[in-house]
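Notes to accompany the following structure.
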Number of protein chains: 2
Amino acid sequence: MEWWVSDRRREPGQISLADIAAEAGVSVSTVSRIANGDLGRASASTVAKVQRLIAERGYRPNPVGRSLRGGESRLVAMLAPNLDNPAMAAIAASTEAALRAAGYVMVLCDTHDRPDLQDEYLRAMRSRFAEGFILVSAVASAELEASVKRGEPVVFVNRRNPYGDPYGGGAFVGIDNRKAGADAADYLLDCGVRAPAVIHPAELSSTIRERVEGFIDRLREKRPDMTVRRAEGAGANHLDCGYAAALSLVAAGGWPDGVLCPSDLMAYGLFRAAGERGGRIPDDCRPVGIDDNDLNAWIAPWLSSVKIPYRAFGEQVVACLLALRAGTLDGEVLLGHELVRR
Amino acid sequence: MEWWVSDRRREPGQISLADIAAEAGVSVSTVSRIANGDLGRASASTVAKVQRLIAERGYRPNPVGRSLRGGESRLVAMLAPNLDNPAMAAIAASTEAALRAAGYVMVLCDTHDRPDLQDEYLRAMRSRFAEGFILVSAVASAELEASVKRGEPVVFVNRRNPYGDPYGGGAFVGIDNRKAGADAADYLLDCGVRAPAVIHPAELSSTIRERVEGFIDRLREKRPDMTVRRAEGAGANHLDCGYAAALSLVAAGGWPDGVLCPSDLMAYGLFRAAGERGGRIPDDCRPVGIDDNDLNAWIAPWLSSVKIPYRAFGEQVVACLLALRAGTLDGEVLLGHELVRR
DNA sequence: TTGAACATGGCAAACGTTTGCCTAAACTGT
DNA sequence: ACAGTTTAGGCAAACGTTTGCCATGTTCAA
């Protein structure tokens, strides 16, 4: 054990209630009450003296002692599938800011989309008395089911609660994915596309499925005779998936004149495939993405995309969490989206 | 106070030493010792019984109780300036993985490059008994100075310890920025560039300054008669800076045939400016970046860049941290970089 | 037979906080 | 003057853990 752990009390940084109490000549209880704003239980002079000392010595209540006592920990855990994805980073950043504004500290855990890691973090955070959980694109897992069953405050982002059915769905922040897909379809039709296609990962998450379905349904509705080609690709991430799917698409029947990429990263994969296979983007093949990564405006002028307001997610997530804790949850929050033409 | 906080003991998820002790008919101390691997202090039968119960009930020591006692918290705080930057996200992701492998939990805090927020997080994490701090691109601040002075385990990433001088520099993980700049210069010369330029943010961080200096020094060394144009741009982030700097560059004297962008984001800003002002990239104006953002391979085929192995940072950072805690720090770690031609 | 060594394990303090309950003293009304 | 109430504040338990020290009981050697 190192000195800064074992002897930390000798350091001036960490003063406890007991230090203040000793110096003020009162009991720990009195200091605690005054520090917590319960001013009616001590004489005005005591209150003044203690408050002065608190300010002077810079006392700040120790969150660990508080947590242990069973009170609040001011800790909220966010479990996200991978920080590399710019969309996740945007959600994490905005949520962090909103939580800080609400007086919480956010712990960010990277689950790599693995149920076992998700469970491990869920356990670790629970035993640190996290007061809430934010699950971005959650996967089904045993501990998650336990959390939901126990009624712990969990907010789901992007993907809905996999165990929501019997318990009323739970808190959710996201967008209307079917409508986003439909908007993308409208855009391609508007551009005069006649032979559209859609690419998607080999295993479909609910989010991606909804986007693809919304896209196809809208096309069928507006152009009943139009056929929509479809290709899937495997890969560790959406970049690889998009690349593989695009290659398989062009191998099967050449370049379509428009293609839905249900995430921007897949569009990037398509772009690379086009570069290698001589497809001209967007002239010959017009992609439309969903996400609208912030970098698009800078380096992907060829990509129109449905802008998802990830930067606005944080505020909504925190509002949901607070409502959940107060017992006044009002269901799911769907934020608006808007197609950005480039 | 909500039920899941106040009555959490009724839930099966949280069993304490006391629960096990009661069921085994031994004292809490005995269970604690056995749980911590001190098997010599109890009879074989007791050990077996307690171990069975621990496994059966799934007992896991409560980190909060441990922290309070003054032992380990297994908590490490990473303070990063902004998660939006893909380089930061890559560092965060790899560090998180390495810390998890070492049995730690990482708390990620977004300081927005503000000294006051950095201080707030430093305090908050200290009072949660964080066992170490990782400061990515740290700024100077009062609490940071206090931490360094007290000898708390701090690893600096990207930017060196601003208070390192009197205390021996401290732990640092990064690259040789001057050499990275020099490599970029070699590349441009190799491409036959004759009128190079460099753009950079209005206020120079030490990192950026070193890159720019390395670039200019190498050019002077190899081509003493060559003049290097220089433009700076202001903005909230490197994208805006790069854009503004590029505009000012071209306004002052047209497009250079090669330009150092000391971060990839600045190169993206330049790209956008070129798109608007009719500069042809990379044919007329060849940019060279530093970072080599992963997305470059997919959507920025026009950008050669010095690849910084951010994915490898995590392992080194954690090694540094452990060495620091063990008192065997061996100074700074400079990782290699390599220019990627596109 | 007696002392020492060892095996086994419990007690209690400590970490920092919160809070129900208790105890004085002072004050109020009659 | 006395009962009742308010004011001011302390005591101690509880949260979960770790660990130095103490207390038995057994074994062993001289």
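Here is the naming used below: chain letters follow the sequence lines, and residue numbers restart at 1 for every chain.
Distance, R66(A) CZ to dG16(D) C1': 19 Å, rounded to whole Å. Per the geometry, CG belonging to D38(A) stands 12 Å off C1' belonging to dA8(D), to the nearest Å. At whole-Å resolution of the value, CD1 in I20(A) and P in dG16(C) are 13 Å apart. The CZ-P distance, from R57(A) to dG16(C), rounds to 17 Å in whole Å. The distance between atom CD of E72(A) and atom C1' of dT19(C), rounded to the nearest whole Å, is 15 Å. Here dC15(D) presents its C1' atom at 12 Å from CG of D19(B), a figure rounded to the nearest Å. Atom CG in L68(B) sits about 9 Å away from atom C1' in dC15(D), given to the nearest Å. Atoms CD1 (I34(A)) and P (dA8(D)) sit 11 Å apart, rounded to a whole Å.
Dashed line: the shortest gap from a side-chain N or O of T30(B) to OP1 or OP2 of dG10(C) is under 4.0 Å. OP1 or OP2 of dG10(D) lies within a sub-4.0 Å distance of a side-chain N or O belonging to S27(A). Taking only side-chain nitrogens and oxygens, S43(B) never comes nearer than 4.0 Å to OP1 or OP2 of dT8(C).
More than 12 heavy atoms of other residues, nucleotides or ligands lie within 6.0 Å of CZ in R123(A), so this atom counts as buried by the packing criterion. Summarising the local packing, CZ of R74(A) is surrounded by more than 12 heavy atoms from other residues, nucleotides or ligands at distances under 6.0 Å.
Residue L17(A) has its side chain nearest to dT17(C) when only dT17(C), dT19(C), dC15(C) are considered. When each of dG20(C), dG9(C), dG16(C) is scored by its nearest atom to the side-chain atoms of R33(A), the top-ranked nucleotide is dG20(C). The listed nucleotides are dG16(C), dG9(C), dT17(D); the one nearest the side chain of T46(B) is dG9(C).
Evaluation of atom-type donor-acceptor distances gives no pair under 3.5 Å for the side chain of S67(B) against the base of dC15(C).
A salt bridge is absent between E120(A) and R100(B): the closest approach of a Lys/Arg side-chain nitrogen to an acidic carboxylate oxygen does not fall below 4.0 angstrom.
Place P63(B) and S29(A) on DNA chain D by their nearest nucleotides, and S29(A) ends up nearer the 5' end.
Put simply, the side chain of R66(B) never gets that close to the backbone of E72(B): no donor and acceptor are under 3.5 Å apart. The main-chain N or O of F129(B) is found under 3.5 Å from a side-chain atom of S73(B) such that the two form a donor-acceptor pair.
Using a 4.0 Å heavy-atom distance criterion, V26(A) is classed as a sugar-phosphate-only contact. Among the protein residues, S32(B) comes within range of the nucleic acid bases, having at least one heavy atom under 4.0 Å from a base atom. As judged by a 4.0 angstrom heavy-atom cut-off over every strand, R41(A) is placed among the base-contacting residues.
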